[in-house]
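As structure tokens, the structure follows; a few thoughts come after it.
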Amino acid sequence: MKPIADTRAETLNNLLDEQHALNRRMLLAIQTGDRPAQAELTKLLEDIAVRIQQMKAGRG
């Protein structure tokens, strides 16, 4: 069994990885002018940002 700190860090790292992947998708959506994708990705990025802040604050 992993220590709690390791599990938390792994989860935070996963969230950060997901955020980076969404950022790359957003860049592509901006470059191609795909406004619907930009709107969807904006929502997803906002959700990830909230989850990251909660994780950092120890509420995740």
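This is a predicted model, so every value here is computed, not measured.
- Here the CD-CZ distance, from Gln19 to Arg24, works out to 11.0 Å after rounding to the nearest 0.5 Å.
- Distance check, rounded to the nearest 0.5 Å: CD of Glu18 to CD1 of Ile52 gives 8.5 Å.
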Do any side-chain atoms of residues 26-36 form donor-acceptor pairs under 3.5 angstrom with protein atoms, and if so which ones, sequence neighbours left out?
from: Thr32; atom 1: OG1; to: Leu28; atom 2: O; distance (Å): 3.0
from: Thr32; atom 1: OG1; to: Ala29; atom 2: O; distance (Å): 3.3
from: Asp34; atom 1: OD1; to: Ala37; atom 2: N; distance (Å): 3.1

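- Leu44 is linked by a side-chain contact (heavy atoms from CB on, under 4.5 Å) to Leu22, Glu40, Leu41, counting only residues two or more places apart in sequence or in another chain.
- Between the CE atom in Met55 and the CD1 atom in Ile48 there is a gap of 10.5 Å [rounded to 0.5 Å].
- Glu46 is listed as a side-chain neighbour of Thr42, based on a closest heavy-atom distance under 4.5 Å.
- In this view, Asp47 and Arg51 satisfy the salt bridge (Lys or Arg N to Asp or Glu O under 4.0 Å) rule, not counting sequence neighbours.
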